[in-house]
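Any value given below was found using the heavy atoms of this structure, including those in side chains, with hydrogens, waters and symmetry copies removed. Residue numbers start from 1 in every chain, and the chains themselves are labelled A, B, ... in the order their sequence lines are given, proteins ahead of strands.
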Number of protein chains: 2
Amino acid sequence: MSAEITARPKVRPGKRTNDPEGLRKRVLDVAEASFQARGYHASSLGDLMAAAGVTGGALHHHFPTKKALALAVIEERVAAAVEETWIAPLQAAGSAREGVRSVFEAVATELEQQGFVRGCPLNNLAHELSLADPDFRAALAAIFSAWREAIADKIRADQQAGREQDTDPQRFAALAAATYSGAMSMAKTAQDSGVLRDCLNALEQGASPASSSKGGAIAKRRRRVLLRQHRVV
Amino acid sequence: MSAEITARPKVRPGKRTNDPEGLRKRVLDVAEASFQARGYHASSLGDLMAAAGVTGGALHHHFPTKKALALAVIEERVAAAVEETWIAPLQAAGSAREGVRSVFEAVATELEQQGFVRGCPLNNLAHELSLADPDFRAALAAIFSAWREAIADKIRADQQAGREQDTDPQRFAALAAATYSGAMSMAKTAQDSGVLRDCLNALEQGASPASSSKGGAIAKRRRRVLLRQHRVV
DNA sequence: GACAAAACAGGACAACCGGTCTGTTTTAGA
DNA sequence: TCTAAAACAGACCGGTTGTCCTGTTTTGTC
């Protein structure tokens, strides 16, 4: 989830060192951060070039159009972020519900630490670009699909171990992904990560097959409003 | 939810009829539709003027800046859409869960009929504008807040009638709103409204206090991919 | 070292955007 | 009817955007 921005190597005039992969990585780093923070349309190539320390010619060489750049960000960076944040931890968890829970809590904790909610990269771009271009939509839909499939697969693994017999994998996956997406959306707008924990608690209270009867005393949730400033690029 | 686009009155040169409210409404109609379909940054004032049949002078007279126009769309149209689509039906329902269910189904049915998923107006603008401007963020957060509060209030009403004793109103509201937002997000990206029904089913299967034990045979959901084209303005 | 391709530099440009400005027409009130 | 404000028309402008183009430098290969 954290993008390590690589610094531009200082170069004195007359001496130049070609570094295609490094330059490409630098551009993608900057583009990923800016697309997330300001969105696609609000990010100008001029700003990205300045932030990455890259000339127009170099940028055009690696990414012929702005659309190509965004497509690369989606397919390489956004997909990787979902993989890293969601899919890998989920697969490593003891069960699907446990995995979902740990992801929610990890993200909530991270947001509280950094004091600012930038939102889910996938959802941010999906809302802005899904209807704008078929290629964008297809790329984003594929990531959503892989995400949900990973959750469903984990439920199926649970089922093969004798658990979750009454759970429909696809439906559970849809609910988990939707809840996360929506919670991040509200957390971003309210700049308050507490919604994530609210949703997680509600999800676990109602969704766990044996927890329905022992409610009663509900721990008062804590609300933490995030106030710290942020600045990107 | 449906925006009735008012046609521009034909005017022969030399004769003009002032219609401040009508013109304002026409501009808001077009802006609401375009902001939802293409987003804020991708909607140019020139396009909006042409679509609404309005000159620059007239537009500037009613909305000094583009931001002012967007703020009006948010505060008047988006808030009204949430009220109409969610809050009113919810308050009219027999219970909170019943209300949530009926809203989900109504929206899913509507999407299937129109054959295209444009997404939730609130979420669409929230993602693009929440981080762009504090005024935008505040206006959008207020709508989210009112939405969740209405759901929580309905739970509280249920509780006063002796039901939902184990349900935390705030958490339930957060979960319902988040699930809807996230489901609409995925439905928009996939152009498939089936996710809404998946989420609703998962929500009801797990969240209803007495339904946990009687699962077993789960009805196979139907998936319907939407293919029809759309064109706005 | 020759050479072609890749990598990069940097300017140019046309289209477009949002906002402003001046001027005209309509409308309401006295 | 007179008048002032509101409502509207339409041209205009500075700045920005994404893209393209022509060169120059570096790099791998024979």
**Study point:** Partner residues of A:S181 under the side-chain contact (heavy atoms from CB on, under 4.5 Å) criterion, sequence neighbours left out
**Key:** A:N123, A:F144, A:W147
**Study point:** Between C1' of C:dG19 and CG of B:L48, the distance in whole Å
**Key:** 15 Å
Check your understanding: Does any donor atom in the side chain of A:E128 or B:H127 lie under 3.5 Å from an acceptor atom in the other side chain?
Key -> no
Review point. To the nearest angstrom, how far is B:L59 atom CG from C:dT20 atom P?
Key: 12 Å
Check your understanding: In whole angstroms, how far is the C1' atom of C:dA7 from the CZ atom of A:R26?
Key -> 13 Å
Find every protein N or O atom lying less than 3.5 Å from an N or O atom of nucleotides 2-6 of chain D, and list the pairs.
none

Study note, to complete from the structure: Testing C:dT27, C:dC8, D:dG10 for proximity to the side chain of B:T17, the answer is C:dT27
Check your understanding: What pairs meet the salt bridge (Lys or Arg N to Asp or Glu O under 4.0 Å) rule with one or both residues in residues 50-71 of chain A, with sequence neighbours excluded?
Key -> A:K67-A:D133, A:K67-A:D135
Point to revise | Length of the NE2-P vector between B:H62 and D:dA7, whole Å | key: 6 Å
**Study point:** Residue list, salt bridge (charged side-chain N to carboxylate O under 4.0 Å, His left out) with B:E105, at least two apart or on another chain
**Key:** B:R101
Revision key, fill the gap. With sequence neighbours left out, the residues meeting side-chain hydrogen bond (donor to acceptor under 3.5 Å, both in side chains) with B:K154 are none
Review point. Would you call A:C199 and B:R171 a side-chain contact if the rule is heavy atoms closer than 4.5 Å?
Key: no
**Study point:** Sidechain N-carboxylate O distance under 4.0 Å for A:R24, A:D19
**Key:** no
Practice item. Would you indicate whether the side-chain heavy atoms of B:D47 and B:R38 approach each other to under 4.5 Å? Key: yes
Report each atom pair, protein N/O against N/O of nucleotides 17-21 of chain D, whose distance is under 3.5 angstrom.
from	atom 1	to	atom 2	distance (Å)
D:dT17	OP1	A:S44	OG	3.4
D:dG18	OP1	A:K66	NZ	2.6
D:dG18	OP2	A:L45	N	2.7
D:dT19	OP2	A:K66	N	2.9

